[in-house]
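Hydrogens, waters and symmetry mates are skipped; everything else that's a heavy atom, side chains included, is used. We name chains A, B, ... by the order of the sequence lines, and we start the count at 1 in each one.
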There are 2 protein chains.
Amino acid sequence: MASRTPKWREIAETFAQKIRDREYLPGDQLPQIRELVSQGLGSKTTIMAAYRSLETEGLVVTARGHGTRVRRQYPRQVRRHQTRYGWEKALALKPEVERRGNGVVEQDTGLAHEQVECHAEFNTVPADDRLAQRFGVPPGTLMLHRQYWHSVPGDPIALSLIDSYLVHEVASRNPDLLDSSLEPWPGGTHHQLSTIGIEIDQIQDDISTRLATLHESQHLGIPNGSPVILLDKTSVSTDAEVVEFSHVVLPGERTEISYTVPLERWPGR
Amino acid sequence: MASRTPKWREIAETFAQKIRDREYLPGDQLPQIRELVSQGLGSKTTIMAAYRSLETEGLVVTARGHGTRVRRQYPRQVRRHQTRYGWEKALALKPEVERRGNGVVEQDTGLAHEQVECHAEFNTVPADDRLAQRFGVPPGTLMLHRQYWHSVPGDPIALSLIDSYLVHEVASRNPDLLDSSLEPWPGGTHHQLSTIGIEIDQIQDDISTRLATLHESQHLGIPNGSPVILLDKTSVSTDAEVVEFSHVVLPGERTEISYTVPLERWPGR
DNA sequence: GAGTGGTCTAGACCACTGT
DNA sequence: CAGTGGTCTAGACCACTCC
């Protein structure tokens, strides 16, 4: 304990550097804990602290019986919401041939339709106070709750976790909207809503962050203790009614969201 | 080790519940580690793991010689960037009386001008590749680098950490812009740029998240191991030139950013 | 069942805070 | 100097993976 920085931090730093220098490549196994202990590098507790911090940083992944291995880094995915939302709305007016297999998920990931799987589960829940307030309906109003996640076949990790809500009475005007087996709906939410006479006028995004829950980190394939981005998306109709609300959980390390804000020109120039 | 969930997790959960139930109030000291050890609740390592996880969750703060205490929760601050940017630009045209003491920081925090301190430090740096590419200038071009942070007097924590860049040659057209002692500039960046004949036409925000560095967590007063929001703000002039770029670090637990995206109406309805 | 990470203990010693 | 958290050790035993 001669130095100011803890020993476990120094050990972690050493391996972090080696990983960055590609001395260990993705998939490679780092020395076993017991091995480093017997080499006299430190006690098991100390080595474990070092390895754990590398895991939180997202550099390695540990599994019982499978060692501590260098993690594959996924690329960041940029979501340009200005473009995305406008494009998504315009799509709804296109013929079905074009709508089918051209969802925003495909846009996001740059993958073809066949390369994206959609998992959906629908149920009906009474609105709690927060939800009721958002929609301007009495608490307890029945809501259609749609849970989604998308994935690439063969890869178990989710691209995002989505909880979407609609007023059940409104959605049920087209019974097809209540059927989860019809997801993904060709043309997305805008087209779905157009079938019940609703046009979306504006979307409000509220963005925040927090540490992932254990469930989220496993499902999204991100390190335990790493952050997620929370996106609360509220869609307002041309009648100024809130018609849809989505709570989206995005993997922090793989997500970037971009907005372009146009400004009014100064007069006379 | 009878149960599936680790003992340290259970201990942490117990105290987390007590804190939520306000059995311990903000500022209260939790039982000392040694005390819980002598009560036979677990070994020192186990108790420490429990307390550390409470710290990462942001429920408590620990300090050598000062015990483990329940943390005061700061309120979330909502930044409505659509409104904010438009308002900030409009302000630049107002008379100085109005501009002075009406910055966006005051808007964000809801505090009066006297209640916000601005700390600024300026220097000149050559553009690295990323910066050069953003501005469309050759790498090595001299840039004015302005570092800011704002705080409430008496409270050492920063509201945000800002690194702002301008092309030095452009900024130097008004020598006042190079003088950090003139910060905060009444009317903000838009007014500053207007003095050198620049009008900002649009702003692009790129949002991402990661865990705070040690320095950031200390400076922003957030738990070690908690996330920050990174906001990369690019201002484009009416001449379609990138004129300013800011890298903003925001405390994750206290920040929410909101955008409203208007959509084009469908024809004929 | 061998390999490998995860939890836990008991106790020594370090480092910072405040009287 | 007393109080209190932080680091470290050596070793026991648990739980999961893969052969």
Inset, instruction - List the steps and the verdict of salt bridge (charged side-chain N to carboxylate O under 4.0 Å, His left out) for A:R146 and A:D163. - result: CA-CA 6 Å; A:R146 309 181 296 172; A:D163 281 279; over 6 Å; no
Legend entry - A:R20 and A:Q17: CA distance, side-chain angles, deciding distance, side-chain hydrogen bond (donor to acceptor under 3.5 Å, both in side chains) verdict: CA-CA 5 Å; A:R20 278 187 227 105; A:Q17 196 52 54; 2.9 Å; yes
Legend entry - Steps toward side-chain hydrogen bond (donor to acceptor under 3.5 Å, both in side chains) verdict (A:Y24, A:R22): CA-CA 5 Å; A:Y24 291 102; A:R22 300 187 67 75; over 6 Å; no
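In this structure, the CD atom of B:Q32 is 13 Å from the P atom of D:dG6, given to the nearest Å. Across the protein-nucleic acid pair, B:R69 atom CZ and D:dG5 atom P stand 9 Å apart, rounded to whole Å. One can place CD1 of A:I11 at 8 Å from P of D:dT9, the figure rounded to the nearest angstrom. Between the P atom of D:dG6 and the CG atom of B:L214 lies a distance of 13 Å, rounded to the nearest Å. Distance CG (A:N224) to P (C:dG6): 11 Å, rounded to an integer number of Å. For B:Q39 and C:dT9, the CD to P distance is 14 Å, given to the nearest whole Å. A:I33 places its CD1 atom 17 Å from the P atom of D:dA12, with the value rounded to the nearest Å. Between the P atom of D:dT7 and the CD1 atom of A:I47 lies a distance of 15 Å, rounded to the nearest Å.
Side-chain N or O atoms of B:T255 include one that pairs as donor or acceptor with a backbone N or O of B:P251 at under 3.5 Å. A donor-acceptor pair under 3.5 Å is formed between the side chain of B:R69 and the backbone N or O of B:H66.
Note on B:E216 versus B:R210: salt bridge recorded, some NZ/NE/NH1/NH2 to OD/OE distance being below 4.0 Å. A salt bridge links B:E57 with B:R9: the distance from a Lys NZ or Arg NE/NH1/NH2 to an Asp or Glu carboxylate oxygen falls below 4.0 Å.
When the nucleotides C:dG5, D:dG6, C:dC8 are ranked by their closest atom to the side chain of B:M48, D:dG6 comes out on top. Relative to the side chain of B:S43, the nucleotides C:dC8, D:dC8, C:dG5 differ in distance, and C:dC8 lies closest. Closest approach to the B:T45 side chain among D:dT9, C:dT4, D:dT4 is made by D:dT9 (side chain taken as heavy atoms from C-beta onward).
For A:T46 and D:dT7, the shortest distance from a side-chain N or O to OP1 or OP2 is not below 4.0 Å. One finds no side-chain N or O of B:T68 lying less than 4.0 angstrom from the OP1 or OP2 phosphate oxygen of D:dT4. When the side-chain nitrogen and oxygen atoms of A:K7 are compared with OP1 and OP2 of D:dT9, one or more of them lie within a distance under 4.0 Å.
Direction of the helix axis in the helix from C:dG1-D:dC18 to C:dG18-D:dC1 shifts by 20° between the two five-pair termini, rounded to 10°.
Not counting sequence neighbours, the partners of B:E253 by the salt bridge (charged side-chain N to carboxylate O under 4.0 Å, His left out) test are B:R71. Partners of A:T209 under the side chain to side chain contact (heavy atoms under 4.5 Å, CB included) rule, at least two apart in sequence or in another chain, are A:P227, B:T209, B:P227, B:I229. With sequence neighbours excluded, no residue satisfies salt bridge (charged side-chain N to carboxylate O under 4.0 Å, His left out) with A:R52.
Residues A:D205 and A:Y259 bring a donor and an acceptor atom of their side chains to less than 3.5 Å of each other.
Among the heavy atoms of the strands lying under 4.0 Å from B:T62 are primed sugar atoms or P, OP1, OP2 only; no base atom is included.
One N or O donor and one acceptor, one from the side chain of A:K44 and one from the base of C:dG6, sit under 3.5 Å apart.
The stretch residues 50-57 of chain A has no heavy atom under 4.0 angstrom from DNA chain D at all.
Note on ring orientation: taking the six-membered ring where Trp is involved, the planes of B:Y51 and B:F15 are perpendicular (angle over 60°, cut-offs 30° and 60°).
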Enumerate all atom pairs, one protein N or O and one N or O from nucleotides 16-19 of chain C, separated by less than 3.5 Å.
from: C:dT17; atom 1: O4'; to: B:R64; atom 2: O; distance (Å): 3.2

